[in-house]
Amino acid sequence: MGAGGRMSDPSEGKNILERVPIDPPFTLSDLKKAIPAHCFERSVIRSSYYVVHDLIVAYVFFFLANTYIPLLPTPWAYLAWPVYWFCQASILTGLWVIGHECGHHAFSDYQLIDDAVGFVLHSALYTPYFSWKYSHRNHHANTNSLDNDEVYIPKRKAKVAVYSKLLNNPPGRVFTLVFRLTLGFPLYLLTNISGKKYGRFANHFDPLSPIFTERERIQVVISDFGILAVLYATKLLVEAKGAAWVTCMYLIPVLGVHMFFVLITYLHHTHLSLPHYDSTEWNWIRGALSTIDRDFGFLNRVFHDVTHTHVLHHLISYIPHYHAKEARDAIKPVLGEFYKIDRTPIFKAMWREAKECIYIEPDEDSEHKGTYWYHKM
C-alpha cells in the first residue's frame with residue numbers, strides 16, 4: 001500500500017520529515033475563498049449512491065466467500081479467507097468513512113438524514129455513532145492541543161512508561177503495533193486509552209461520562225441501544241449459523257475496519273514533521289494544520305479519499321468526500337509549505353513512526369517553549 005516515489009507537486013520535493021512552519025500567514029477565510037463554491041454542496045442522492053455502491057460490493061464479496069470458499073480444498077481455503085477478510089474490511093471501511101462523514105454533516109443538507117444513515121452504518125460496524133461523533137467533534141475543535149485534544153496525545157519524555165522503554169526494540173515494536181491495530185479502537189471506546197485525561201473514568205458508552213455535555217447524553221444512550229441491537233442480531237446469527245461462520249463472515253471484517261481506522265488516523269497524526277502545542281501556544285488553525293496526508297495507493301479510492309485529503313478535512317470538515325480532492329488541490333497554493341503528503345509505503349511509514357515518534361519535547365533553544373516535537377528514545 002502506498003505509492004512511494006511519486007512526485008506530483010512541490011510539497012513532495014523536499015525532505016518529508018522536515019518540520020512544518022507554525023505561524024500561517026493566511027486565515028481560514030482565505031482557504032475557503034480559494035475553494036470552488038460547488039465543493040461545499042452536499043447531495044443526498046450522490047452521497048446515497050456511494051452507500052448503495054459499497055453495500056452492493058460488500059454483498060458480492062459476502063456471496064462469493066459464502067458460496068465458494070467452503071468448496072475449496074483445505075489449503076486453498078486457508079488462503080482464500082484472508083483475501084476475503086482484506087477485501088471485505090476494505091469496502092466496509094469505505095462505509096465507515098461515509099458514517100464518519102454523516103457525523104460531520106457532510107452527507108446531505110438534512111441533519112436528520114445524516115444522523116440516521118450514520119447511526120445505521122456505524123452501529124453495524126460496532127461503533128457508537130453519536131458518542132464517537134461528539135468526541136470526534138472535540139478532537140477537531142482541539143487538534144494537537146496537549147491539554148484538550150481527545151485522542152493521540154503523546155507523552156513527554158519524563159512520562160514515558162517503563163513498558164514503552166522495554167518495548168523500544170524491533171520485537172517490542174511489532175507487539176505494540178499489533179496491539180494498537182487490533183485493540184486500540186475498542187479500548188479507546190471502552191477506557192479512553194490514549195485520550196484526554198479527565199478527572200474520572202471516561203468511556204464512550206456511559207451517558208454520564210465527562211466526554212459528553214448534558215444535551216448529548218440522551219444520544220449516547222441511543223448509540224448504546226444501537227450497539228446492543230447489533231450484539232443481539234449477532235447472537236441470533238451465531239445461533240442460526242454457528243460462531244465460526246459469523247466470525248469468518250462478519251466479525252473478522254469488522255475487526256479489519258477498526259484496524260484500518262486506527263492505522264489511517266495514527267499515520268495522519270503521528271509524524272516527525274508535526275508539532276503539538278500546550279495551552280500557551282495552541283490555537284485552532286495551528287492545530288488544524290498539524291496533520292499530514294498519506295497515500296494508501298488503490299485503497300485511497302476505496303476509502304473515499306479520506307487518506308489523502310485529511311489536511312483539508314481538518315480545516316473544513318463538512319466538504320463531502322466526492323469534492324475533497326478538488327478542494328484540497330484548490331487550497332494547496334494557499335497552504336504552500338504548510339501542506340504535506342507523505343507517500344512513504346504504508347508499512348514502512350508505520351514502522352518508522354513507531355520507531356521515531358516516541359515522546360515529545362520543545363526545542364531547548366527555541367523561543368516557542370509551548371511547541372513540542374516528536375523524538376525517539
Side-chain angles (χ1 to χ4, degrees), residues 1-4 50-99 120-127 170-187 227 229-264 266-267 294-304 306-307 345-351 354:
M1 291 183 290
Y50 288 100
V51 175
V52 173
H53 171 275
D54 286 0
L55 288 173
I56 290 173
V57 175
Y59 176 76
V60 169
F61 288 151
F62 164 81
F63 175 81
L64 292 175
N66 189 48
T67 304
Y68 295 107
I69 292 181
L71 303 179
L72 294 174
T74 299
W76 291 105
Y78 288 147
L79 295 174
W81 278 118
V83 172
Y84 165 71
W85 295 332
F86 174 82
C87 293
Q88 191 68 290
S90 298
I91 202 68
L92 292 179
T93 299
L95 284 167
W96 193 98
V97 168
I98 294 174
V120 171
L121 292 178
H122 272 194
S123 296
L125 297 171
Y126 279 99
T127 302
R173 281 191 284 274
V174 170
F175 172 81
T176 300
L177 286 169
V178 171
F179 181 88
R180 175 181 287 125
L181 291 175
T182 55
L183 297 177
F185 190 49
L187 287 176
I227 297 299
V230 174
L231 281 169
Y232 183 68
T234 303
K235 173 181 177 293
L236 295 179
L237 267 177
V238 169
E239 292 173 355
K241 305 290 288 187
W245 186 92
V246 173
T247 300
C248 288
M249 298 302 300
Y250 175 53
L251 294 180
I252 292 179
V254 169
L255 173 62
V257 172
H258 293 179
M259 292 174 67
F260 273 132
F261 166 69
V262 172
L263 175 60
I264 292 166
Y266 172 70
L267 292 179
R294 298 284 188 164
D295 185 359
F296 275 65
F298 72 93
L299 287 177
N300 289 333
R301 184 174 181 181
V302 179
F303 296 160
H304 301 303
V306 71
T307 45
I346 295 305
F347 289 110
K348 181 179 179 181
M350 180 174 62
W351 184 259

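Across all their heavy atoms, L177 and A354 have their closest contact at CD2-CB, 3.9 Å. Closest of all the heavy-atom pairs between L183 and P186 is O-CD, 3.4 Å.
Looking at H258, its side chain does come within 3.5 Å of a backbone N or O of L125 through a donor-acceptor pair. The backbone N or O of L267 lies less than 3.5 Å from a partner atom in the side chain of R294, making a donor-acceptor pair.
Scanning for side-chain contact (heavy atoms from CB on, under 4.5 Å) contacts around L181 gives M259, V262, L263, M350, with sequence neighbours left out. The side-chain contact (heavy atoms from CB on, under 4.5 Å) search around R301 returns none, not counting sequence neighbours. The side-chain contact (heavy atoms from CB on, under 4.5 Å) search around A124 returns none, not counting sequence neighbours.
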Given side-chain contact (heavy atoms from CB on, under 4.5 Å), test L187 with F179 step by step and report yes or no. CA-CA 10 Å; L187 287 176; F179 181 88; 3.5 Å; yes
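Relative orientation of the F185 and W96 rings is perpendicular, given thresholds of 30° and 60° on the angle between their planes.
Side-chain contact between L251 and L255 is absent, with no heavy atoms from C-beta onward closer than 4.5 Å. Considering only heavy atoms from C-beta on, F303 comes within 4.5 Å of F260 through its side chain.
A distance of 3.5 Å separates CG in N300 from OG1 in T307, rounded to the nearest 0.5 Å.
Screening residues 52-71 for side-chain hydrogen bond (donor to acceptor under 3.5 Å, both in side chains), with sequence neighbours left out, gives D54-H304, N66-W245.
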Sequence neighbours excluded and cut-off under 3.5 Å, please list the side-chain donor-acceptor pairs for residues 76-95, or say none.
residue : atom : partner : partner atom : Å
Y84     : OH   : Q88     : NE2          : 3.2
Y84     : OH   : M249    : O            : 2.8
W85     : NE1  : C248    : O            : 2.8
Q88     : NE2  : A58     : O            : 3.0
S90     : OG   : F86     : O            : 2.7
T93     : OG1  : A89     : O            : 2.6

Using residues 231-243 as the side-chain source, report each donor-acceptor pair under 3.5 Å to any protein atom, sequence neighbours left out, with the distance given to one decimal.
residue : atom : partner : partner atom : Å
T234    : OG1  : Y126    : OH           : 2.7
T234    : OG1  : V230    : O            : 2.7
K235    : NZ   : E239    : OE2          : 2.5

